Amino acid sequence: MGTPKILTIKEITRYIKITLEQDRQLNNVWLRGEISNFKLHNPSGHMYFTLKDQTACLKAVMFRSRAAHVPFKPEHGMKVIVRGTIGVFERDGQYQIYVEEMLPDGLGAQYLALEQLKVKLAAEGLFSQERKRSLPVLPRTVGVATSITGAAVRDILKVTYRRFPNMQVIIAPCIVQGDQAPSEIVNAINMLNSRPEVDVIIVGRGGGSGEDLAAFNNEAVVRAIAASTVPVISAVGHEVDTTLADLAADLRAPTPSAAAELAVPSKVELAASLSSYRIRLSTAIQKDLASKRKFSELLAASPVLTNPIARLNQMRQFLDQLQQGLHQNVTNTVREKGAILNVLTEKLDALSPLKVLARGYSICQGPTGETISDAATVKVGQDLTVTLSKGKLSCNVKEVITCQNP
Amino acid sequence: MSKSVSEISFEEALQNLEKVVRALEVGEAPLDQAIDLFQQGISLVKLCSNKLDEAEKKIQVLVQGDDGEPKLKTAVTLEEGTA
């Protein structure tokens, strides 16, 4: 009789571990299940949870480095799809799945994940009304990020050239659904931003299912639209579809054709409005000139300017009145002064030398006309002139008698 | 103004035009200013009109070049209305 080999717990556990981990089928499996007992460990950042369905459950762990890539927040009750590898944690005697990748499973989970993303981006302000820029009135070039095949690009071009026959368009082709779509759309938007003449960008696609439009709910795409330095018009699917891209865009159009209507002005309308300005300018200047002319005519028609003679006559009359007044004044003054003059004249008269002469005195003048009042200044034989009251005498001095000589 | 007249955007030109026309319509400017406004207005109308016509219809496709830089190619088959 042989004794059975007695193993240690370590050995048996090691055996189980090797068996499970060597089985190719347990490497990189895809599983579907519901999360329960979810725990996000702090501060390590590792996620510990259980995946279950109706009959069984499986412990799971997702380390922080992988967990960081999950684009949503796993929650208790959430249905997910995971990719991972089965392993054994010897210490606990636990087999579990080490999760590499996690995706929301089914519409419910996807919707939840989308809602989480929407809340997160909204909190960053990416959808706020203040960020939204107005579109240029006349873009130099229209940028279009969409599939090069398909109706969307054709509709955009058709409407563009109907409204503005000489518009410039640059198309940055990108696929708009599937796994590659988000990075291609991001690339297209960035390339269009690198062209300085692009003044507006239309990004979008035609109608499709929720799945088809998924790229426009992708975080990178939404961020690229928000970061675009050129205003973006989003045109994704039909009117009823709203994607996160639509929320981040500067303007949302219900269809690609509508986007072109918004981006591209009508040349005819612009030309008409220029015409209208031209007319307003002409009308305004003519009106202005006419009213200024009328004003100057009014001035010219005023009595002061048209009949200066009348004014002059008025002036003349006034002047006469003044003169009259002045004359009166002067006459009165003269009369007064005349009376005074008479008195003075009489006084003067009395003092006049002529009156003195009349009384018998005479004026004796020397040869040079000087008046002689002192005999001492006269020599014998000198000629003198004597003026009488009536007439003159021409005399010669016979004798000089001074006061000392009696 | 720091921009030369040709650098002004269509939109700015249109805004200036609106201002000039309004000022002229108010009619309070003295004669030489009014004439000046009128001439400014006409220049702006001409400028805008030129901008409408100066572009040439062109459709181009932007792709990633081999060097990683975006490159423009003229689209030969892509015309509006064609499949």
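All of these numbers come straight from a predicted model, not from anything done at the bench. A, B, ... follow the sequence lines: proteins, then strands. Residue 1 opens every chain.
Looking at every heavy atom in both residues, B/I42 comes nearest to A/L281 through N-CD1, 3.6 Å. Residues A/I285 and B/A34 approach most closely at CD1-O, 3.6 Å, considering heavy atoms. Smallest separation of non-hydrogen atoms from A/K292 and B/P30: CE-C, 3.8 Å. Closest of all the heavy-atom pairs between B/K57 and A/Y161 is CG-CE2, 3.4 Å.
In this structure, chain A has heavy atoms under 4.5 Å from both the backbone and the side chain of B/E18. Only the backbone of A/P165 comes within contact range of chain B, with heavy atoms under 4.5 Å apart. In this structure, the portions of A/L192 lying under 4.5 Å from any heavy atom of chain B include both its backbone and its side chain. Contacts between B/L44 and chain A at a heavy-atom distance below 4.5 Å are absent for every atom of the residue. Contact annotation for A/R195: only side-chain heavy atoms (C-beta onward) come within less than 4.5 Å of a heavy atom of chain B. Both the backbone and the side chain of A/M191 come within less than 4.5 Å of a heavy atom in chain B.
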* To do: Show your reasoning for whether side-chain contact (heavy atoms from CB on, under 4.5 Å) applies to B/L31 and A/D288.
  => CA-CA 8 Å; B/L31 189 63; A/D288 202 34; 5.6 Å; no
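Note: B/L24 CG to A/Q286 CD = 11.0 Å, rounded to the nearest 0.5 Å. We find the NZ-CZ distance between B/K51 and A/R140 to be 8.5 Å, quoted to the nearest 0.5 Å. In this structure, A/L289 CG and B/F38 CZ are separated by 9.0 Å, a value rounded to the nearest 0.5 Å.
A donor-acceptor pair is defined here as one N or O able to donate and one able to accept, closer than 3.5 Å; such a pair exists between the side chain of B/E11 and the backbone of A/V137. Although no hydrogens or angles enter the test, the distance criterion places a donor-acceptor pair under 3.5 Å between the side chain of A/Q168 and the main chain of B/E56.
Scanning for side-chain contact (heavy atoms from CB on, under 4.5 Å) contacts around B/K73 gives B/V63, with sequence neighbours left out. In terms of the side-chain contact (heavy atoms from CB on, under 4.5 Å) criterion, residue partners of A/Q129 (sequence neighbours excluded) are, by chain and number, A/K132.
Among residues 178-187 of chain A, the residues having any heavy atom closer than 4.5 Å to a heavy atom of chain B are, in sequence order, A/N187.
Counting heavy-atom neighbours within 6.0 Å of A/R133 CZ, excluding the residue itself, gives a total above 12. Within a 6.0 Å radius of CD in A/E211, no more than 12 heavy atoms belonging to other residues, nucleotides or ligands are found.
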Expected list for residues 263-275 of chain A: side-chain donor-acceptor pairs under 3.5 angstrom, two or more places apart:
| from | atom 1 | to | atom 2 | distance (Å) |
| --- | --- | --- | --- | --- |
| A/S266 | OG | A/E269 | N | 3.1 |
| A/K267 | NZ | A/N166 | OD1 | 3.0 |
| A/K267 | NZ | B/D53 | OD1 | 3.0 |
| A/S273 | OG | A/L270 | O | 3.4 |

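In terms of non-hydrogen atom pairs under 4.5 Å with chain B, the most contact-rich of A/P173, A/G150, A/S194 is A/P173.
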